[in-house]
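All chains are named by letter (A, B, ...) in the order of the sequence lines, taking the proteins before the strands, and each is independently numbered beginning at 1. In this text, all values refer to a predicted model and were calculated from it rather than measured experimentally.
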There are 2 protein chains.
Amino acid sequence: MHVRRPATLASLAAELGVSRTTVSNAYNRPDQLSPELRRRVLETARRLGYPGPDPVARSLRTRKAGAVGLLLTENLSYAFRDPAALGFLEGLALACEGAGQGLHLVPVNPERDDVTAVHSAGVDGFVVYSVPDDDPHLAAVLSRPVPTVVCDQPRVEGVDLVGIDDHAAIAQLAGRLISIGHRNIGVLCMRLARDRNDGFAAIARQRTAHFHVQRARLTALAESFETAGVDWARVPVVERFDHSIGSGESAAAQLLDASPEVTALICTSDILALGALNEAKRRGLRVPQDLTVTGFDGIVEAERVGLTTIRQPVLEKGRAAGKLLLASAEHSKPRHITLDTELVVGTTSAPPRTTEERWFGP
Amino acid sequence: MHVRRPATLASLAAELGVSRTTVSNAYNRPDQLSPELRRRVLETARRLGYPGPDPVARSLRTRKAGAVGLLLTENLSYAFRDPAALGFLEGLALACEGAGQGLHLVPVNPERDDVTAVHSAGVDGFVVYSVPDDDPHLAAVLSRPVPTVVCDQPRVEGVDLVGIDDHAAIAQLAGRLISIGHRNIGVLCMRLARDRNDGFAAIARQRTAHFHVQRARLTALAESFETAGVDWARVPVVERFDHSIGSGESAAAQLLDASPEVTALICTSDILALGALNEAKRRGLRVPQDLTVTGFDGIVEAERVGLTTIRQPVLEKGRAAGKLLLASAEHSKPRHITLDTELVVGTTSAPPRTTEERWFGP
DNA sequence: TGTGCTGACCGTAACGGTTCAGAAGCACAA
DNA sequence: TTGTGCTTCTGAACCGTTACGGTCAGCACA
């Protein structure tokens, strides 16, 4: 509670017998009035319980809200649970607080199409993090007359971009697995579109995926393995709508049930990979002897278990997005930033056992 | 980038030859005009690139911003690293998105007194999380004519409150340690005031601590141990400004160097306790045989190592704060919510070894 | 013919500030 | 006297909406 009575700049001015301009100046341009008068203004303000210029009215006039909007695919609360999203948030927060800007988290429901939250966010710009390219919220953001930076998204005409080279990154990982002999692989991936499809993702679905990141990674895998002589059409790809360790577990189970011959499970995120590791353990499969598991992101939990993965600078990504947005007044052409990634070879990958070994032991 | 040319509701109205009211109604009250006209309005809007009513102007007029402000003691980026703060954030986000409200993170620097960010946040209310009672940002928030909910803070006249019974919670823990025989204890606590004091905290400083939570916990410990015959004045209390595992390590080292006779290290947070455990290990002290270590919060990392601690419902706390704030229009009297805590006895606490055992082994 | 009702639309006044081009007053120089 | 420069303060326009209290045409009903 605790609501003060309304006093406005105008009522203060009236009380003091000065113009509104003068009161405004008392707050914003101390050098524009005598120290004595300023003191009186401030003191009267205190007496009347005037809290200083209303931020909304000021924003209207100055066309600045002092905040950056963040649009996520997921429920807000999810963002605080996913390590990669958290890293991004931290980086973005760093950039924002460095510039004294607030961070306005836009509430969205990934399963609903209500974009009013986007329309009613009083912000100076938006950062859009990993939403599908056909997301109505994204469209709503782009329709707003404010600068926007997208992350992990396909290029949008005239919009700043921050991301990594997903294609090259995972191709490097694929190359590694191919070089050590894996040909029977399975893939666990995240949501490919806005509709829920917890199960196998056929090639058509992979090709038309609305999540750029997932599509790029799958495409790169397909190319790499096709080149190595693997028929991609026969590679099982299991998709999960929710991104959680539990999803990784169930997806791995589903895949291994259907394709027990698989020697390597490539996951498009560390979280899924952690789930896959759990499932492998549950089945008594030794990693990496019986099964190779790889992830993507390079979160600390993955590092802890020695996961073979691609490390990407999530924090730096958030920071870059923030900086780009906050500096967008300075450059008129849209800019694209691609950050570096690194293949981290951990203890969850090894050459596949030969068929013989699989039957008779190492 | 991507900035559209400015079209306003007024220019749209002019273009259409209708009143502004009608255009406004086309967006906000479809039932107030004929479907045909509404269609025309919306179509013309699209043609002119009018993005719909400006959120800031609307906020000014309707006196609603559609967002909740969050004020933290720490840098924003820190909030994304501290598990307890994260739980709180998640709960708060849950409440906000449930109500379609945005979450505006206010950027502050704990070591600076610049409160402009508080003054310029266009929000309908504030949640204040764990700031010292003399924090100028808190004062700035209270001066704003919007509802406020404080968390883990001392009662502020007329302000909603959410918290736990810190006194009772830690007294329970103290009782446990006393009952199993500990009399030589040491305490590791978090920042007690806004000034940096990395070292021992004398009783005067403990008593005048500006962080309610820390003060309550120390007071409760003092009372409990005094009652058990311990002279609190001789109990070493080491304070750390930064809240991190590293702080816990160095604080434990400092304390154990000065008071090697200590049999139990009571930490006012799990993070500090995790650091203390590291330091104990480094010194070759076995936990709990040689040293008992306890924490506070009940974060998952603590659970993983079996820390004896007080579990508090951080997520619930955030959610309660959010709900209270969003419902504050409905109740006129300030409300106080106290959530339950639970003593979790883990594997890091045990009776102290006798002096004899200490010298000659168990 | 008059009355009352309804649906569709409009005019005006806020909402609470900031900004910019001056005006008033005064000191100082030429 | 005139002009110049400086400090201090003012008036009015403007930011883009929505709330409020209408108006007005058309129609049913008696």
Just so I know, are the side chains of A:Arg58 and A:Asn28 near enough to count as touching, which here means a heavy-atom distance under 4.5 Å? yes
Considering only heavy atoms, which members of residues 20-36 of chain B lie under 4.0 Å from some atom of DNA chain C? B:Arg20, B:Thr21, B:Thr22, B:Gln32, B:Leu33, B:Ser34
Segment of DNA chain C, first to last nucleotide, that comes within the 4.0 Å heavy-atom reach of chain A: C:dG16 to C:dC20
Provide, to the nearest angstrom, the distance between the NZ atom belonging to B:Lys64 and the C1' atom belonging to D:dT18. 12 Å
Does OP1 or OP2 of D:dT18 have a side-chain N or O of B:Arg58 closer than 4.0 Å? yes
Can you tell me if A:Thr22 and A:Ser19 form a side-chain donor-acceptor pair at under 3.5 Å? yes
A:Glu111 side chain near A:Phe241 side chain, heavy-atom distance below 4.5 Å: yes
One thing to verify: whether A:Arg335 and A:Glu330 come together as a salt bridge, which I'm taking to mean a side-chain N less than 4.0 angstrom from a carboxylate O. no
So A:Pro334 and A:Leu161, do their side chains get closer than 4.5 Å, heavy atoms only? no
Without decimals, in angstroms, what is the distance between A:Arg38 CZ and D:dT7 C1'? 17 Å
Classify the side chain of A:Arg63 versus the base of D:dC15 as yes if they form a donor-acceptor pair under 3.5 Å and no if they do not. no
Heavy atoms, side chains only, cut-off 4.5 Å: are B:Tyr27 and B:Leu9 in contact? no
Under 6.0 Å from the CZ atom of A:Arg196, do we count more than 12 heavy atoms belonging to anything else shown? yes
What residues 10-18 of chain B contributes to the DNA chain D interface at heavy-atom separation below 4.0 Å is none
Verify the distance criterion only: is there a donor paired with an acceptor across the side chains of A:Asp114 and A:Thr116 at less than 3.5 Å? yes
A:Phe126 versus A:Val118: any side-chain heavy-atom pair under 4.5 Å? yes
Check ion pair A:Arg46-A:Glu43 (N to O, under 4.0 angstrom): no
